[in-house]
Amino acid sequence: MNIETTHITRLLAAISLVTLAGCGGDSATKSNFENVDASEPVSDWQMVWSDEFEGSAIDTNKWNYELNCNGGGNNEKQCYTDSEQNAFIADGVLNIVALPAEEGAEKPYTSARLNTRYNADFTYGRFEVRAKLPSGQGSWPAFWMLPTDEVYGTWPRSGEIDVLESVNLKTPDEDGGIESSIHGTLHYGRAWPDNSYTGKEFKFPEDTNPADDFHTYAVEWQEGEIRWYVDGYLYATQRQSEVRTNASGEAVGLKHRGWFAEYFEQGSGELETHWDSAPFDKDFHLLLNLAVGGDWPENVNDLGVDASAFENGQTFAIDYVRVYQCASNPETGKGCETIRPGYNSLDDALLEGDAPIPSPPSTGIATPLTIFGESFNPNWPAWDCCGGSTPAIVADETQGDVVEFVVGAEPTVMGFISREIFITDEAGKASPFDASPMLDEGYVRFKMKVTSAPGTADAAWLVKLESNEGSSAVEMPITDSLEGVSPVVGQWQTYTFLLKDLDAADLDISAIDVIMVFPAWGAGEGAVYLIDDVEITQDNLGVSPELTIFENEQNLAWPMWDCCGGSTPVEAMDDEEHGLTAEFSIGAEPTVMGFNSRTSSGGAGESFDASSILDEGVIQFDLKVTSAPSDPATPWLFKVESNEGDSAVELELTASVEGEAPVTGEWQTYTFKLSDLAAAGLDVSTIDVLMIFPAWGAGEGSVYRVDNVKIYNPNAAPAATGELTVFKDTAAEQWSIWDCCGGSTPTTETDDDAHGAVAQFSIGSTATVMGFIADEDVSFDASAILENGVVQFDMKLVSAPSNIDAQWLFKIESIGTSSAVELALSSSVEGQAPVTGEWQTYTFPLQQLFDAGLDISALNVIMVFPSWDMGDGALYRIDNVIIANP
């Protein structure tokens, strides 16, 4: 029985964006009662409390009357009283009766609501009621449970367990039949109105109705699990959520999405989310009541309240209420489960809850996302939530191909979505986007043109983003964009929303999976609008730009260059540390020397833009003078030019960060800050010449070598490739080829020209598995390439196992065997078994392995082997073992 909220919210939630994740809802279950004997005693349970209603009056030592006209928080139409007309015992049955109120009363009906608070409070157990339910439009009986002390906060943070509810029994249902369903529901999560619920409908067979006879309704509640029953048949199971962690103990998702709790920690005072047994781990008490009308019953079936159904009273008849304790383990309630096949399956009785999904740790790699630009991103289809239309690509005279959205008579929201249930392109897959590496400078941006305004002239245009299956969401007027403009019919307009603003509004930007643009719900009919260039990105995005001009060999786009002396600079070997270097020699003709990217000097004609690294970037090189100019006082200079000489800066080498003049015969490093060069007048966006030379006309006789010439940001984080070659000719550093248990030593052998050196494995009579293993405490983090990455290798079976039934398997583990996945080679992308004498490639997508439970953040073992203890005689070779983007 819901409190402080409305059941119309449940109805709207079916089409609201918050429930796109599929929170469980009221999915119907039907059952055959012929195989259920409700008279049999419940095994392993010990009765600890009951009321058989055998006395002449309601036992007030067990039950409290609630007296109010509050409408239950659901706009119900009754006042609850302690009148014997509304609640009485007759013939061993408790009768709760809803009656028309006297004329002029505060509410049009009277009824009763009883509870056991502080009389009978329980944590865990089996809770049963045998009852005959009332019928008629507007009837709403319930047997339910509330926390005795709201330890975790006000409703629903401390939880609610609805054992039994029904509405409008024996009225026409939505399928054209007669309403005969009951419901079992949990309420939990965040404070109202952001509360969550998960429930299931049980539909009685066509010839049976819970208003015609007594039936037994129950829940079995144990630590972490609650189950619902009708006449002994289990029809629904709900559980606490199970968090999935990687080897570092970081949350990466949910093994099971169930209930959750959100409450303020007593120690820190912080509002935190918990995925454990809370809030269903404290004392709850029982409630029985019969409501009339309210937001749920009045908005389904025949609508409203049928006064004729209540003119003679409607009765909720209760034969008994019983509470059992699990004798096996009263502390947890476990060990007395009354279960059946299928109770543990999401395809049958087990429900998925509404818990927020913890986002995997960010890879830290800022990668732009284009959701729409001329064509659909298969992972992000355009989408009409509820209006029944199909957004389509149309041609626009200025933007080219764009997406057109049309709002009809049905209220709806529209946009782009990346959730599995909505993806129809075979090449597409759900791909929540991690924008957290772009938090400081990133944004969501799109262009929109309204071609037909909504019929409601003042309809507000809104933008909504959601993440992690609706675990978090932000909705705002489109005028909250940086541009701050409202749509104008016939005009393309750009809208930009900063990621840091969305984050501040409590959107989890690490797993964005919905972007919507729409006129306000119910006010958009007639609207037609176009959207283009939908992206999540930032300016100057990507790996810090870097240019290597000379390192062991010259960059052909920036060749070595003698301006005016007529010489040809050469590559010359130097010491072990420097290897091949650029050597320059100056004769009698005055000249300058260095590196030139201009086409007039044989370069590629591509200048280098260092703008994005201006603050921390440098130009750096190593110099060794092997023969000094004839005049030892000659100053050594560095000059840099941009855009065909439009700007230039010339400095002595002593103006470098190091501040040293060259010393003949010694390698020295020289560093010049880009910010200093820009301050001196250099346009750093089009650098095309670097020169190092003794002063003009004074360099005769000098010979010098230059190495490690580059423009870069020395403080930039190294680019994370997220790729590893485990074996190619030899094992990767800190990895080795490995026999787990057979006592052999795998070897490196030479195969054909295509493969060269390969890893060879041989299995004897001792059972074993074989493959590649990392050194102790070494592992590989493949998180950065989860979306498209693979584990791939080539294999050639030289000699098959003597046991022809041996299956060839692939197994991969994460550090400490914290997680592992084992698959047949035939489950690879190629789908083939090994063929003796042939090299074959096997590919396993990282996403497939991750979905199977592998922690891809700490991979340290890769194995390929025939079935355990069936591999005797097998000889096989493996090469090109990679974890990479293909």
Side-chain angles (χ1 to χ4, degrees), residues 724-752 755-780 782 790-828 830 832-844 849 852 854 856 858-884:
L724 173 68
T725 298
V726 178
F727 187 96
K728 182 178 176 64
D729 296 328
T730 187
E733 185 177 355
Q734 297 185 304
W735 284 71
S736 56
I737 50 180
W738 168 72
D739 175 358
C740 152
C741 321
S744 75
T745 303
T747 59
T748 300
E749 306 291 340
T750 301
D751 202 273
D752 57 24
H755 291 85
V758 300
Q760 180 168 288
F761 304 89
S762 178
I763 299 181
S765 58
T766 302
T768 190
V769 294
M770 293 177 156
F772 305 87
I773 190 168
D775 293 349
E776 187 175 359
D777 296 327
V778 173
S779 63
F780 178 70
V790 299
V791 180
Q792 187 179 77
F793 56 89
D794 296 340
M795 173 178 163
K796 182 171 79 171
L797 181 58
V798 179
S799 175
S802 55
N803 189 329
I804 61 174
D805 293 328
Q807 184 182 28
W808 281 90
L809 303 172
F810 161 73
K811 187 172 185 181
I812 184 166
E813 296 181 357
S814 55
I815 200 164
T817 62
S818 58
S819 66
V821 170
E822 181 177 295
L823 299 168
L825 290 190
S826 56
S827 297
S828 64
E830 295 77 14
Q832 56 191 6
V835 177
T836 303
E838 294 184 8
W839 278 104
Q840 293 166 280
T841 298
Y842 294 93
T843 305
F844 294 89
L849 301 173
L854 183 69
I856 65 166
L859 304 177
N860 74 331
V861 178
I862 295 174
M863 292 171 273
V864 183
F865 55 92
S867 305
W868 179 265
D869 206 18
M870 299 175 68
D872 190 11
L875 179 66
Y876 53 106
R877 294 178 170 179
I878 295 179
D879 195 17
N880 299 328
V881 186
I882 61 171
I883 307 172

Kindly list each side-chain donor-acceptor pair under 3.5 angstrom involving residues 798-805, sequence neighbours excluded, with atom names and distances?
| unit_1 | atom_1 | unit_2 | atom_2 | d |
| --- | --- | --- | --- | --- |
| Ser799 | OG | Gly873 | O | 3.2 |
| Ser802 | OG | Asp872 | O | 3.1 |
| Asn803 | OD1 | Asp805 | N | 2.9 |

Donor-acceptor pairs under 3.5 Å, side chain of residues 742-751 to any protein atom, not counting sequence neighbours: which ones?
| unit_1 | atom_1 | unit_2 | atom_2 | d |
| --- | --- | --- | --- | --- |
| Ser744 | OG | Asp739 | OD2 | 2.6 |
| Thr747 | OG1 | Glu749 | OE2 | 2.8 |
| Asp751 | OD1 | Lys796 | NZ | 3.3 |
| Asp751 | OD1 | Trp839 | NE1 | 2.9 |
| Asp751 | OD2 | Lys796 | NZ | 2.9 |
| Asp751 | OD2 | Arg877 | NH1 | 2.7 |

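Taking the side chain as every heavy atom from C-beta outward, His755 and Asn880 approach each other to under 4.5 Å. Annotation: side chain of Phe793 is not in contact with side chain of Ser828 (no heavy-atom distance under 4.5 Å). Side-chain atoms of Leu849 and Leu823, non-hydrogen and from C-beta on, do get closer than 4.5 Å to each other.
Here the CD1 atom belonging to Ile878 is positioned 11.5 Å from the CE atom belonging to Met863, to the nearest 0.5 angstrom. Atom OG of Ser765 sits about 11.0 Å away from atom CD1 of Ile763, to the nearest 0.5 Å. Interatomic distance, CH2 of Trp868 versus SG of Cys741, reported as 4.0 Å (0.5 Å rounding). One finds the OG1 atom of Thr725 at 6.5 Å from the CD1 atom of Ile882 (value rounded to the nearest 0.5 Å). Separating the CD1 atom in Ile773 from the CD1 atom in Ile737 is a distance of 12.5 Å, to the nearest 0.5 Å. Here Tyr842 contributes atom OH and Ser827 contributes atom OG; the two are 11.5 Å apart, rounded to the nearest 0.5 Å.
In this structure, the side chain of Gln840 engages the main chain of Ala833 through a donor-acceptor pair within 3.5 Å.
For the pair Leu809 and Ala824, the tightest heavy-atom approach, listed with the atom from each and the gap, is CD2-CA, 3.9 Å. Pairing each heavy atom of Ala757 with each of Asp879, the nearest pair is O-OD1, 3.7 Å. Here the shortest heavy-atom pairing between Ser814 and Leu854 reads N-CD1, 4.2 Å. When all heavy atoms of Ala782 and Ile883 are compared, the closest pair comes out as CB-CG2, 4.0 Å. Residues Pro834 and Leu825 come closest through the heavy atom pair CG-CD1, 3.8 Å.
Sorted by first and then second residue, the ring pair (Phe, Tyr, Trp, His ring centres under 6.0 Å) pairs with a member in residues 727-749 read Phe727-Phe772; sequence neighbours excluded. Residue pairs meeting the salt bridge (charged side-chain N to carboxylate O under 4.0 Å, His left out) criterion with at least one partner in residues 755-775, sequence neighbours excluded, are absent. Listed by first then second residue, pairs satisfying salt bridge (charged side-chain N to carboxylate O under 4.0 Å, His left out) with a partner in residues 813-823 read Lys811-Glu813, not counting sequence neighbours.
Partners of Tyr876 according to the ring-ring contact (aromatic ring centres under 6.0 Å, His included) rule, which considers only residues two or more places apart in sequence or in another chain, are Phe761, Trp808.
Side-chain N/O atoms of Thr843 and Glu830 include a donor and acceptor closer than 3.5 Å.
Around CD of Glu838, the count of heavy atoms belonging to other residues, nucleotides or ligands within 6.0 Å exceeds 12.
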Report the C-alpha distance between Phe810 and Phe844 in whole Å, list the side-chain angles of each, state the deciding distance to 0.1 Å, and finish with yes or no for ring pair (Phe, Tyr, Trp, His ring centres under 6.0 Å).
CA-CA 9 Å; Phe810 161 73; Phe844 294 89; 4.2 Å; yes
